[in-house]
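Structure first, commentary second.
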Amino acid sequence: MYIYIIMTKNSLVLYKNFLAIIKDFEGDKFLIRFCTQPATSTGKKAVYAEQKVREKDIVLLHEGPASSLENALSYSDSNINEKLQETYELLISDESTASEAISISDLCEYALGEFKADLSWAFYSAVISDVHFSICTNELKNGKILFTLRTSEEINQINQKNYEKEHEAEIRTAFITRLKNKKLDLPADAKYMGEVEAYALNKTDKCKTMAEAGFSQTPEKAHQLLIDTGIWDITKNPYPTRFGFSFESAREQLGAMPEEERMDIPGFAYAIDSEHSTDPDDAVAFDGEYLWVHIADPASSVLPDSSIDIAARGRGTTLYIPEGASRMLAESCLEDYALGLKEKSSALSFRIKLDENSQIEDCSVFKTHVNVKRLTYKQAEEQKESADLKALFELARKNKARREANGAVTIQMPEVDISVDKESKKVTVEPDVKYESNDMIAECMILAGEGAARFAFKNQIPFPFVSQERPEFPESIPDGWAGSFAKIKCMRKRSVGITPAPHAGLGVSFYSQVTSPLRRYSDLIAHQQLRAFIAGGHVLGKDEMLERVAAGDAASIAAKKASRLSDTHWKLVYLLQNPDLINEAFCIDRRGNDALFLIPSLDMQATLHNCDGVNLNDRAELKVSRIDIPEQKVEFIRV
């Protein structure tokens, strides 16, 4: 049991890392003497200093009296270490003492039979350097010197670390030799591969370990080395991390939807999406006069320059990869902000008046409460002649015809849905089936974007207008997949600016993206501007708004790259898991004597050489001959 003893003259105390002796008292302070520089073998004398300190600055080692500071510092006993070993074995063998903290005085009495002032420093120094004992640092802060007994496992770990430190060079040399041969001693060697992993994930710009082992340094080479040595398996997807994305969604909570005045919309709106969707953010309805496009309303809580807004800007978009979604906004917000997950949903709604040719006559924006029903595209397709949906399909057909008459470019390319079993890592790739209901929703979203852009321009709201220059197509475009690919090569990049301009690809004169504020930062900014305007509040200026959109778009571009590379990664894993798969392919381009084939079932392209006699849209059957996961290369042969 520890007994607190009052310090007196000639008591020994610990001061910082020094042994000190109390010389005198001055009020509530102690005058102590300590050695700042011990004597050396070269003849230098010891250097001593005196200092006034408070009681909280020192810890009692021995109440004394010590004969002198010099004697305490010079005391030695060659038996201390041996006695400590014996004492540890005695204490650890008794359950009543093995887990209890023990004072330095009691420990010394166990080991040496007495605890004298002059030997206390030598004993203390021996204990703190002995692997069997651990000083209680929290108690030391409270002025008590107590020790606990380490377990055999803890002792082994410390001894191993000490051994590795003492033999660092030879251990490193042996590891590098194993790495050169790609035959690591796992799991022991895994801890030395952290630098290679960091380099493969673009967390560092060079890798000393690879250089020492004689490997060329690229993230792809690091990836291959990690596979070859068994640190990673082929399913490891490095791309989200390489582009700075977490596999986790944003964490800061939005909280419940704030209470504010909203218009109640009668009837039902329909949130129509794929069967895999978990974040419905739009719903549509036609009331006989107006098309209503209801959009999730996170901007009601996410204010400009709030911490959530800044974090969303850094992500740019929700990252969708086959493993799941890393959301721009917290996963928990879906319950309150996504549409159709509760009996009644809150939305920012676009009420659009169309003429008989589907031209927009007027668009208004409201904060609303909406009754939303969720449907899959397949379910909507089955109900497209129903009273609630038939008018929406007719409206969409008219709008598509209007856009095509204005030069809209329609390109149909295959899409696939990739899923990964979390446990087995088995990959499934399935064609994404398209219905007319997909087109219906797409047309409604285009109308919402067009209507929002017109509303913003009419009311002089600084807004992220999206435009696209008209492509220049060749005089002759082939049919089929080859024609679609030819069109893609001619398309221009979209632009975002503060001045509206035609979006030639869509065939509209005004356009902005406003239908996905839960997962696109530019849409969230557009909603913030619209909400501020209709509430009579402060809207961001043009330059400030555009600067934030640009920051979000930069992050979004990185997310798209991470998503595209992740998709390719899992497609290659799928092909490795199905080596005998025969894939139907179609020639979509000729490049000299080479032919570029499209494999619709994989949404993948493959170049084959020496393809004399192959014409555009010719069919072939292809089988994998070689796959390089880190380089994302795959070679096919015709069968």
Side-chain angles (χ1 to χ4, degrees), residues 201 237-258 271-283 294-342 345-348 372 374 376 415 417-420 422 432 441 445 464 513-528 531 548-549 551-567 569-570:
L201 295 171
N237 176 14
Y239 299 103
T241 306
R242 279 190 189 176
F243 285 91
F245 289 91
S246 165
F247 282 90
E248 296 181 355
S249 298
R251 293 186 176 182
E252 187 172 353
Q253 309 298 309
L254 274 68
M257 184 78 70
I272 303 171
D273 216 323
S274 75
E275 61 185 18
H276 306 291
S277 174
T278 57
D279 53 358
D281 54 4
D282 56 72
H294 307 287
I295 309 298
D297 194 14
S300 60
S301 293
V302 182
L303 303 180
D305 272 342
S306 63
S307 57
I308 296 177
D309 178 72
I310 293 170
R313 191 183 313 162
R315 288 176 176 258
T317 185
T318 288
L319 172 65
Y320 293 101
I321 55 178
E323 298 97 310
S326 174
R327 301 193 186 282
M328 182 182 78
L329 299 176
E331 187 90 29
S332 60
C333 81
L334 296 181
E335 182 180 352
D336 289 317
Y337 293 85
L339 303 186
L341 302 187
K342 286 187 172 183
S345 300
S346 298
L348 191 69
V372 177
R374 295 188 66 191
T376 65
E415 295 181 24
D417 180 70
I418 308 167
S419 58
V420 181
K422 291 183 179 180
D432 190 11
I441 291 298
M445 298 305 108
Q513 289 184 308
V514 295
T515 58
S516 297
L518 286 174
R519 57 187 179 89
R520 278 198 303 250
Y521 183 70
S522 60
D523 297 39
L524 182 63
I525 287 183
H527 277 232
Q528 289 172 344
R531 283 182 58 88
R548 296 179 187 188
V549 170
D553 274 359
S556 179
I557 290 170
K560 289 175 182 176
K561 289 180 180 178
S563 179
R564 175 174 53 81
L565 293 170
S566 294
D567 283 353
H569 168 80
W570 288 110

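Since we're looking at a predicted model, the values are computed, not measured. We use all heavy atoms of the structure for the numbers below, so side chains are in, but hydrogens, waters and symmetry mates are not.
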Working note: Arg548 + Asp305, criterion side-chain contact (heavy atoms from CB on, under 4.5 Å); need CA distance, chi angles, decisive distance, verdict. CA-CA 10 Å; Arg548 296 179 187 188; Asp305 272 342; 2.7 Å; yes
Take Ile295 and His527 through the side-chain contact (heavy atoms from CB on, under 4.5 Å) test and state the conclusion after the steps. CA-CA 9 Å; Ile295 309 298; His527 277 232; 3.4 Å; yes
For a side-chain contact (heavy atoms from CB on, under 4.5 Å) check, start with the C-alpha distance between Glu252 and Ser307, then their side-chain angles and the critical distance, and finish with the verdict. CA-CA 8 Å; Glu252 187 172 353; Ser307 57; 2.7 Å; yes
Let me see the working for Tyr320 and Asp279 under side-chain contact (heavy atoms from CB on, under 4.5 Å), right down to the final yes or no. CA-CA 12 Å; Tyr320 293 101; Asp279 53 358; 2.5 Å; yes
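For the pair Ala312 and Leu329, the tightest heavy-atom approach, listed with the atom from each and the gap, is CB-CD2, 4.2 Å. In terms of heavy-atom proximity, Ala325 sits nearest to Ser249 at O-OG, 3.6 Å. The minimum heavy-atom distance linking Ser277 with Pro280 is given by the pair OG-N, 4.0 Å. Shown here for Leu339 and Ala347, the closest heavy-atom pair between the two residues is CD2-CB, 4.3 Å. Of all heavy-atom pairs between Ala283 and Ala271, the closest is CB-N, 3.9 Å. Closest approach of Thr278 and Leu334 over heavy atoms only: O-CD1, 3.6 Å.
By the 4.5 Å heavy-atom criterion applied to side chains, Tyr337 and Pro517 are not counted as neighbours. By the 4.5 Å heavy-atom criterion applied to side chains, Leu303 and Asp309 are not counted as neighbours. Counting heavy atoms from C-beta outward, Phe247 and Thr241 have side chains that approach closer than 4.5 Å.
Tested against Arg520, the residues Asp523, Leu518, Leu524 include a single side-chain contact (heavy atoms from CB on, under 4.5 Å) partner, Asp523.
There is no side-chain donor-acceptor pair under 3.5 Å between Tyr521 and Asp553.
Taken from CZ in Arg519 to OG1 in Thr317, the straight-line distance is 7.0 Å, to the nearest 0.5 Å. Atom-to-atom distance recorded for Arg327:CZ and Leu319:CG is 11.0 Å, nearest 0.5 angstrom. How far OG of Ser566 is from CZ of Arg242: 10.5 Å, rounded to the nearest 0.5 Å. Note that the NE2 atom of His276 and the CG atom of Asp417 stand 4.0 Å from one another [nearest 0.5 Å]. In this structure, Phe243 CZ and Leu565 CG are separated by 5.0 Å, a value rounded to the nearest 0.5 Å. Rounded to the nearest 0.5 angstrom, Cys333 SG and Leu254 CG are separated by 5.0 Å.
Not one N or O on the side chain of Glu323 forms a donor-acceptor pair closer than 3.5 Å with the backbone of Val420. Checking side-chain atoms of Ser522 against main-chain N and O of Val549 turns up no donor-acceptor pair under 3.5 Å.
Electrostatic pairing of Lys342 and Asp336 counts as a salt bridge here, judged by a charged N lying under 4.0 Å from a carboxylate O.
Under the rule for a salt bridge (charged side-chain N to carboxylate O under 4.0 Å, His left out), the partners of Arg531 that lie at least two apart in sequence or sit in another chain are Glu260, Asp297. Applying the side chain to side chain donor-acceptor pair (under 3.5 Å) test to Arg251 and every residue at least two apart in sequence or in another chain returns Glu248. Take Ser326 and apply the side chain to side chain donor-acceptor pair (under 3.5 Å) test, not counting sequence neighbours, and it matches Arg315.
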